[in-house]
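Some notes on the structure that comes next.
Values in this document were obtained by computation on a predicted structure and should not be read as measured data.
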Amino acid sequence: MADCATGVAGLDDILAGGLEPGRLFLLEGSPGTGKTTISTQFLMQGAAVGERVLYITLSETEEELRAGAASHGWVFPPSFTVFELVPPESLLDTDHQQSLLYSSDLELGETTKRIFEAFERIKPSRVVLDSLSEIRLLAQSSLRYRRQILALKHYFARHDATVLLLDDLTAELMDKTVHSVAHAVIRLEELSPTYGAERRRMRVLKYRGRKYRGGYHDLVIATGGVRVFPRLVSAEHRGSFSRESIAIDNDALNGLIGGGFERGASTLILGPAGTGKSLLTLSFVKSAIDRGECAAMFVFDEELGLLFDRALGLGIDLQAMVTAGHLVIEQIDAAELSPGEFSERVRICVERHKARTVVIDSLNGYQAAMPEEQALILHMHELLQYLNRQGVMTFLTVAQHGLVGDMKSPVDVTYLADTVILLRYFEAAGRVRRAISVVKKRTGHHEDTIREFTIGRTGISLGRPLTAFQGVLRGVPTLIGDDALLLDVTQA
């Protein structure tokens, strides 16, 4: 029998198909992590394929559930039944509350009886029980709680129902009773960074007989429901392509990098702020589009309107490229976006829009998107490996701290990149100038020279090798020859 689809984007991929029918599953997480939304999507998916579904609520009212569904644009169909399990009227009577005859045994027994009666009446194939906290309180002891969960499991199993139990983890002690009983356990977590919106993630703790996707996966709750972003595993994405070298429309730059950039390789552009890293990547984007390819840009640090205006100064009309469908450009808010969602956006550009040149500007912003993450290098490794295996030419920028002298990078990913281009300021003849050099290229040869370059309306212009200077890369050059090799910056 086919698995039950959860109706949650990305979750079935993590579960290697979905929820096995006729089993009992546990979805746990603190309040606000998305349990009710996910369980509602699970039932809505069942109703959409013609199944009868039942939501048993001990914690929320039916009106609250319907209001929450309406916020996502959902309306419960007739096959979607909400059973609001409120305490018996006698529980509200103070005389009965103080009576020894109305003990927790009777309360628990009455609750279980009413759950079974609702099930017999509806005969659903999917059930959500929200939440276990109330049953745990009624049971009072771990032994009685375990027996009650086992009784529920065996009852639902006899009727081939797929059951999702919700636990809000409000118990004082972490009771693992249901973990051993459930067929699979999914945990939701919420993180609160020092600045920015909350981050949510999920992890599958167990799934009997199933090779699921392990580790943490980012998720978001948005209008329309929960979306999960499966952790990117580059080894699962292998494409076939010709690993050819592609020249750009700048002969001098082609000569510096040894003829061109290779498909399926990444290039890192390092330099202090203002040296032209973003504008250099724009020339690579323009070359790709001129070749008839699609390109994608993910901009962390600069407002898009300003970038479009600066590009026009180089004769590059980004807006026209976007309008024509040749360029996908996204402004990324580092305070709002999780690493998993960013990887998903890159994948969409590559797989849906067929982008063959991808620019990430900059890794400083990408690092800011995950301030409490210790695995930036691992994230970047998987993302770059994925892009390389899809035959994409990737260009990344990193802004180094400082302007001249000893400069530091906030993150060292030079060993991940296939090519490293270094940009520098240097002072000569009373002017602040820019220098460019290629310090690494894994495939093929490249020039080992340092050249001055300028940025103007005609694009990027390179001068002859700066053989009259030494110490240019440190930003404090020493003139050891004739400076006649410098470019005339007044003409740039």
Original post:
Got a sec, which residues hit side chain to side chain donor-acceptor pair (under 3.5 Å) with Asp12, two or more places apart in sequence or on another chain?
Top reply: Thr6

Original post:
Who pairs with Tyr55 by ring-ring contact (aromatic ring centres under 6.0 Å, His included), at least two apart in sequence or on another chain?
Top reply: none

Subject >> Residues that Arg231 engages under salt bridge (charged side-chain N to carboxylate O under 4.0 Å, His left out), provided they are two or more places apart >> reply: none

Subject >> Arg434 bridged to Glu452 by N-O distance under 4.0 Å >> reply: no

Subject >> Partner set under side chain to side chain donor-acceptor pair (under 3.5 Å) for Ser30, not counting sequence neighbours >> reply: none

Subject >> Qualifying ring-ring contact (aromatic ring centres under 6.0 Å, His included) pairs, either residue in residues 211-231, two or more places apart >> reply: none

**OP:** Please name all residues satisfying ring-ring contact (aromatic ring centres under 6.0 Å, His included) with His381, sequence neighbours left out, ordered by chain then number.
**Re:** none

Subject >> ring-ring contact (aromatic ring centres under 6.0 Å, His included) pairs, two or more places apart, involving residues 312-350 >> reply: Phe298-Phe342, Phe300-Phe342, Phe342-Tyr366

Subject >> All ring-ring contact (aromatic ring centres under 6.0 Å, His included) counterparts of His72, not counting sequence neighbours >> reply: Trp74

Original post:
Do other residues, nucleotides or ligands put more than 12 heavy atoms under 6.0 Å from the CZ atom of Arg352?
Top reply: no

Original post:
How would you list, by chain and number, every residue that makes a ring-ring contact (aromatic ring centres under 6.0 Å, His included) with Phe284, sequence neighbours excluded?
Top reply: Phe261, Phe395

Subject >> Residues Gln400 and Arg424: side-chain donor-acceptor under 3.5 angstrom >> reply: yes

**OP:** Identify whether the distance between the nearest side-chain nitrogen and carboxylate oxygen of Arg310 and Glu302 falls below 4.0 Å.
**Re:** yes

Original post:
With sequence neighbours excluded, what pairs up with Ala67 under the side-chain contact (heavy atoms from CB on, under 4.5 Å) test?
Top reply: Glu63

Taking only distance into account, with no hydrogens and no angle test, what donor-acceptor pairs under 3.5 Å do side-chain atoms of residues 267-277 form with protein atoms, sequence neighbours excluded?
residue : atom : partner : partner atom : Å
Thr275  : OG1  : Pro272  : O            : 2.8
Lys277  : NZ   : Gly271  : O            : 3.3
Lys277  : NZ   : Pro272  : O            : 3.0

Original post:
Does Glu293 pair with Arg356 as a salt bridge, N-O distance under 4.0 Å?
Top reply: no

**OP:** Would you kindly say whether Ser242 and Glu244 are connected by a side-chain donor-acceptor distance under 3.5 Å?
**Re:** no

Side-chain donor-acceptor contacts of residues 13-21 below 3.5 Å, not counting sequence neighbours, with atom names and distances?
residue : atom : partner : partner atom : Å
Asp13   : OD1  : Arg213  : NH2          : 3.3
Glu20   : OE1  : His183  : NE2          : 3.0
Glu20   : OE2  : Arg23   : NE           : 3.4

Subject >> Check: Leu26 and His179 side chains under 4.5 Å, non-hydrogen atoms >> reply: yes

